[in-house]
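Data first, discussion second: the structure below is written as structure tokens.
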Amino acid sequence: MNLQAKVYEFLGRPATPSTLETWMAFFSQARVRADEIRAGYEDRFLAIGFDELTSRPAYVVAAIAERCGFTPRIGSGLGLEVERTRSRLHSA
Amino acid sequence: MPKFTLPAINDEDDLLDLAQVSRGDLPLERQDLFGALVADLTRSQPLTGLRDSILVEELVNALHGFVGLSSPSDLSVVPSPDVRAVVGGYPRTATTYLHWKLADSMQVSFVDGSRCLRPVGSEAEALAAASRRARVVSSIAPGLEAIHPTSVSEPEECNQFLKNTLASHQFILYGALYEYRRQLHQTDTSSTLNVYSDWLSRHRSGPLVLKSPFYIADYDAVLRCWPTATIVEITGRPIEHWFLRG
């Protein structure tokens, strides 16, 4: 299914072409440039999978916290879960 | 003061004339994109009937600033607050969700303007009553301010946001650019560095996390401005399906 068909399915009518084209042009250009930059600085990037983030956010946040040196926020339920996750990862 | 000023907006030709003049300040490879965005602005229904020259002027300046954001020549000075992470990636890939999770769980700071969380439901109504930004956005794209996704269990919010984007033309102009627009209006500059520096000058202390999907178009600036920051990039669904694969 092409983009216009997806949009039609989504909106129930065609989207304004100029808006779509603008988005497409911008992010297509951005993707090309981002790919070039990423290839030269892989150690500066941390890739997170969308599915991983949405299914196991504590693991993702733990990985980012480990990499960036963050500490959990006091009183945060997720922060506590992140800390437990980090402890498990370290003890594994 | 804005960089480019308009004597009046009487019709679309006035706006296009402004675009023709102001594009000359942009890097060559960005000029066509700027022209396309301004042309798109002229076709925007909410603005067709609007003769508020100040608003239109701000929008044009915001567009100019946005398109010129990645100009390497802007980045001769490196600000050095403790920016530890920069969340990038394509729009609609849950960058806000990750930002929210980090804010909720970690002792990190977020600079005003890099944060775009908005409440939903009744909270949105209260926000609309109290926030000028919410009123402005709501007047142009009703509901837009209230539906940015903050929960993975509510994917329809994300879809609704995209739907409004496509229906109203306004996401790029208002969803992403509002803070840039405000900064540009105050500082009379369109450079990435000045926008970032102004944000960072208001930062108090502690490790910082910056977030914007539009950083994906700005990685060279990010790498140079914050040489020790990790760029956290979310990959995969759903944006690849919408904007990259066609």
Side-chain angles (χ1 to χ4, degrees), chain A residues 1-4 6-7 10-11 13-16 18-31 33-34 36-38 40-41 43-55 57-58 60-65 67-74 76-83, chain B residues 29 32-33 36-37 39-40 43-44 67 70 84-85 87-91 93-94 97-98 101-108 152 155 159 162-163 165-169 171-172 207 209 214 216-220 222-223 227 229-239 241-246:
Chain A
M1 186 185 293
N2 64 29
L3 182 63
Q4 285 287 0
K6 287 179 183 176
V7 171
F10 199 68
L11 297 179
R13 61 172 176 71
T16 305
S18 59
T19 302
L20 274 177
E21 288 164 4
T22 301
W23 275 84
M24 292 285 285
F26 177 79
F27 285 104
S28 293
Q29 290 180 15
R31 180 181 59 165
R33 180 66 183 138
E36 292 174 356
I37 294 170
R38 197 184 303 104
Y41 295 89
D43 59 322
R44 296 286 308 277
F45 286 81
L46 179 62
I48 301 292
F50 176 87
D51 292 335
E52 182 83 357
L53 170 62
T54 53
S55 63
V60 168
V61 173
I64 296 170
R67 170 83 170 254
C68 300
F70 297 149
T71 54
R73 188 177 296 283
I74 297 170
S76 162
L78 179 62
L80 188 60
E81 187 181 346
V82 168
E83 193 59 15
Chain B
E29 68 275 12
D32 288 343
L33 176 61
L37 288 168
D40 197 49
R43 288 189 286 268
S44 174
V67 175
S70 290
R84 301 273 185 90
V87 179
Y90 299 100
T93 53
Y97 176 73
L98 175 58
K101 287 295 183 186
L102 286 169
D104 184 47
S105 60
M106 294 289 117
Q107 293 185 40
V108 294
V152 68
N159 291 340
L162 179 60
K163 181 177 178 179
T165 294
L166 297 171
S168 69
H169 294 251
F171 178 76
I172 286 181
V209 174
F214 285 83
I216 199 163
D218 218 13
Y219 282 162
D220 49 356
V222 169
L223 290 167
T230 296
I231 297 178
V232 180
E233 186 176 80
I234 302 171
T235 60
R237 299 181 304 171
I239 190 61
H241 302 289
W242 280 104
F243 295 106
L244 300 180
R245 291 180 180 166

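Please read these numbers as outputs of a predicted model, since none were measured by experiment. In what follows, every chain begins at residue 1, and chains take the letters A, B, ... in the order their sequences are listed.
For B/E233, the salt bridge (charged side-chain N to carboxylate O under 4.0 Å, His left out) partners at least two apart in sequence or on another chain are A/R38. Applying the side-chain contact (heavy atoms from CB on, under 4.5 Å) criterion to B/A85, with sequence neighbours excluded, gives A/C68, A/F70, B/V209, B/V232.
Of all non-hydrogen atoms in B/V108 and A/R73, the two that sit nearest each other are O-NH2, 3.2 Å. In this structure, A/P72 and B/M106 approach most closely via the heavy-atom pair CA-CE, 3.7 Å. The shortest non-hydrogen separation linking A/V61 to B/S105 is CG1-OG, 3.5 Å.
For A/I64, the part lying near chain B is the side chain, with the backbone staying farther off; criterion is any non-hydrogen pair under 4.5 Å. Looking at A/P57, only its side chain comes within 4.5 Å of chain B, counting heavy atoms on both sides.
One finds the CD atom of A/E52 at 10.0 Å from the OG1 atom of B/T235 (value rounded to the nearest 0.5 Å). In this structure, A/D51 CG and B/I234 CD1 are separated by 11.5 Å, a value rounded to the nearest 0.5 Å.
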